[in-house]
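Throughout, residue positions are numbered sequentially from 1 according to the sequence presented.
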Amino acid sequence: MSVQISYKKQFLVWIFLGLILLTIVETSLRIYENELSVSSCSVMSSAAYDDTEHELKEQICKDMNKLVYEKPDITRNQPNQHYETINVNSYGFRGEEITKEKSSETFRIFMVGGSTVFGAGSSSDDKTITGHLEKLLDKEIRDYKFEVINAGVPGANSVREEYLIKESLLEFNPNMIIIYDGLNDAANAIINKNDLGKPSENQLETNQKEIDNIISKYFQWYRTPFMLNYLIFENTSLISYNENSIEEMKDNWYNRWSSMCEFGNSNNIEIIIALQPVLGTGNKILFNDEITNAELYESKMNLKAINQLEEPLNKLSKVCSNTLDLRNAFDKIEKPIFYDLGHTNELGNEIIAKKIFESIQPGLPN
């Protein structure tokens, strides 16, 4: 009997020690993740944030790192997330709560894109592009109610954006959809990342996606799997400019959005395609770290790739309600705007919102 009790005690001791070990690993990785989210965050060292308090910059970086995504079909923002600088509502959109139903007096605008639309680097929901745009609309057109809904998802490209529009956004009866992208499609093309709408032939990439799905679905509360996945798989993409990949990306980008614009025309939804600015497009006066970042090989390759979307954008102008080439939006701006290759500070968001407002204003209800 004593031997049997001893075995049970040993088993419980090993369970206890295992839990202690897991706790130590989890605590250590959380501390490391927290420090990494700040030390690797370009917001902290960029001249574009020289006028922002250090504590606020740290909070912006930490909150972006805390964001959780779900992958039932494509990567989306997990609903109901609330941090000091970011709020995600019950539908996974950044900002305040909305309803699917809208009154006949409401003009509803969705803005779709990646982290630039979501507002990476913004200190609050109303300092994003969509936040600034809604304030402009409310100020300039007071006899009508406007809703500008932020449907940006960090990392999204045209494949994910098209899917999100068709499978989710149409349920909200939008009057207008503004698609603001280009960078993520261009970036995926130059690293030959297979996220352009065809099955992957890379087994490692396939396995990584499966691991991502499992972690996102079952371990959102436990940071160890996230960090181990990051340490093993992150930063494995090679930057190379491949003409074939770029041509395929251009064709897919045009076909995807021309089809969407034709759908919008048939269903009385205005579809606006906007090609976003990145570091090096247009004639912006560069400062400090902007100059350094512009000289990086990755920046040059991404710049070369995104400029290839000018041709399909011009073709889309014949099909879509409107097209905007915003690559020169920051021309002659004598202040730092970019804190990395494609993300801007809040001044940049405000400038983009004004450019969009000026372009869409003639077609809005008065």
Which value, rounded to the nearest 0.5 Å, describes the distance between Gln81 atom CD and Leu67 atom CG?
5.5 Å

Taking only residues two or more places apart in sequence or in another chain, which ones pass ring pair (Phe, Tyr, Trp, His ring centres under 6.0 Å) with Tyr49?
Tyr339

Which residue pairs pass the side-chain hydrogen bond (donor to acceptor under 3.5 Å, both in side chains) test when at least one of the two sits in residues 84-94, sequence neighbours left out?
Asp63-Thr85, His82-Asn87, Asn87-Asp125, Ser90-Glu97, Arg94-Asp125

Less than 4.0 Å between a side-chain N and a carboxylate O, is that true for Lys250 and Glu247?
yes

Salt bridge check, Glu147 against Lys102: does any charged N sit closer than 4.0 Å to a carboxylate O?
no

Does Ile273 reach the side chain of Leu313, with side-chain heavy atoms less than 4.5 Å apart?
yes

Contacts satisfying disulfide bond (SG atoms under 2.5 Å apart) that involve residues 291-344 (not counting sequence neighbours) are Cys261-Cys320

From OG1 (Thr130) to CD1 (Ile109), nearest 0.5 Å
10.5 Å

Short question: side chain of Glu134, backbone of Val148 - any donor-acceptor pair under 3.5 Å?
yes

According to a hydrophobic-cluster definition based on side-chain heavy atoms being under 4.5 Å apart (Ile, Leu, Val, Met, Phe, Trp, Tyr only), do Met260 and Leu309 belong together?
yes

Look at atom CD of Glu140 and say whether more than 12 heavy atoms of other residues, nucleotides or ligands are closer to it than 6.0 Å.
yes

Which residue pairs satisfy the disulfide bond (SG atoms under 2.5 Å apart) criterion with at least one member in residues 84-190, sequence neighbours excluded?
none

Got a second to check how far Ile271's CD1 is from Phe263's CZ, nearest 0.5 Å?
8.0 Å

Ile129 side, atom CD1; Asn150 side, atom CG - distance, nearest 0.5 Å
8.5 Å

Can you tell me if Asn267 has over 12 outside heavy atoms packed within less than 6.0 Å of its CG?
yes

Inter- and intrachain pairs under disulfide bond (SG atoms under 2.5 Å apart), touching residues 274-305, at least two apart:
none

Are Trp257 and Tyr254 connected into the same hydrophobic cluster when the rule is that any two of I, L, V, M, F, W, Y join if their side-chain heavy atoms are below 4.5 Å apart?
yes

Quick one: disulfide bond (SG atoms under 2.5 Å apart) pairs with a partner in residues 62-111, sequence neighbours left out?
none

Among Ser124, Ser123, Ser122, side chain to side chain donor-acceptor pair (under 3.5 Å) partner for Glu346
Ser123

Checking Ser359 now: which residues fulfil side-chain contact (heavy atoms from CB on, under 4.5 Å) with it, not counting sequence neighbours?
Asn322, Leu324

Hey, could you give me each pair passing ring pair (Phe, Tyr, Trp, His ring centres under 6.0 Å) that has a residue in residues 266-285? Not counting sequence neighbours.
none

Can you find a heavy atom in the side chain of Ile269 that is under 4.5 Å from one in the side chain of Phe110?
no

Greater than 12 external heavy atoms within 6.0 Å of Lys57's NZ:
yes

Using the side-chain contact (heavy atoms from CB on, under 4.5 Å) criterion, which residues pair with Thr116? Sequence neighbours excluded.
Tyr180, Gln276, His343

Do the side chains of Trp253 and Gln308 get nearer than 4.5 Å, heavy atoms only?
no

I'd like to know whether Asn349 forms a side chain to side chain donor-acceptor pair (under 3.5 Å) with Thr128, so could you lay out the CA-CA distance, the side-chain angles of the two residues, the decisive distance to 0.1 Å, and finally the verdict.
CA-CA 6 Å; Asn349 293 342; Thr128 62; over 6 Å; no

Partners passing side-chain contact (heavy atoms from CB on, under 4.5 Å) against Asp50 (at least two apart in sequence or in another chain)
Ala47

Check whether any side-chain heavy atom of Leu326 lies under 4.5 Å from a side-chain heavy atom of Ile356, and answer yes or no.
yes

Should Phe107 and Leu137 count as side-chain neighbours, where that means a heavy-atom distance under 4.5 Å?
no

For Asn328, all residues meeting side-chain contact (heavy atoms from CB on, under 4.5 Å), sequence neighbours excluded:
Asp331

Same cluster or not: are Leu56 and Ile86 linked, directly or through other Ile, Leu, Val, Met, Phe, Trp or Tyr residues, by side-chain heavy atoms under 4.5 angstrom apart?
no

Using a 6.0 Å cut-off, check whether atom NZ of Lys335 has over 12 heavy atoms from anything other than its own residue.
no

Single-linkage hydrophobic cluster, 4.5 Å side-chain cutoff, Leu341 and Ile291 together:
yes

In terms of hydrophobic clustering (I, L, V, M, F, W, Y; side-chain heavy atoms under 4.5 Å; direct or indirect links), are Ile360 and Tyr144 co-clustered?
yes

Taking only distance into account, with no hydrogens and no angle test, what donor-acceptor pairs under 3.5 Å do side-chain atoms of residues 164-172 form with protein atoms, sequence neighbours excluded?
residue, atom, partner, partner atom, Å
Lys166, NZ, Glu162, OE2, 3.3
Glu171, OE1, Lys100, NZ, 2.5

Side chain to side chain, Val112 and Val117, heavy atoms closer than 4.5 Å
no

Under 4.0 Å between a side-chain nitrogen and a carboxylate oxygen: does that hold for Lys127 and Glu350?
no

Going through the checks in order, is the side chain to side chain donor-acceptor pair (under 3.5 Å) test met by Asp185 and Ser158?
CA-CA 7 Å; Asp185 282 67; Ser158 62; 2.6 Å; yes

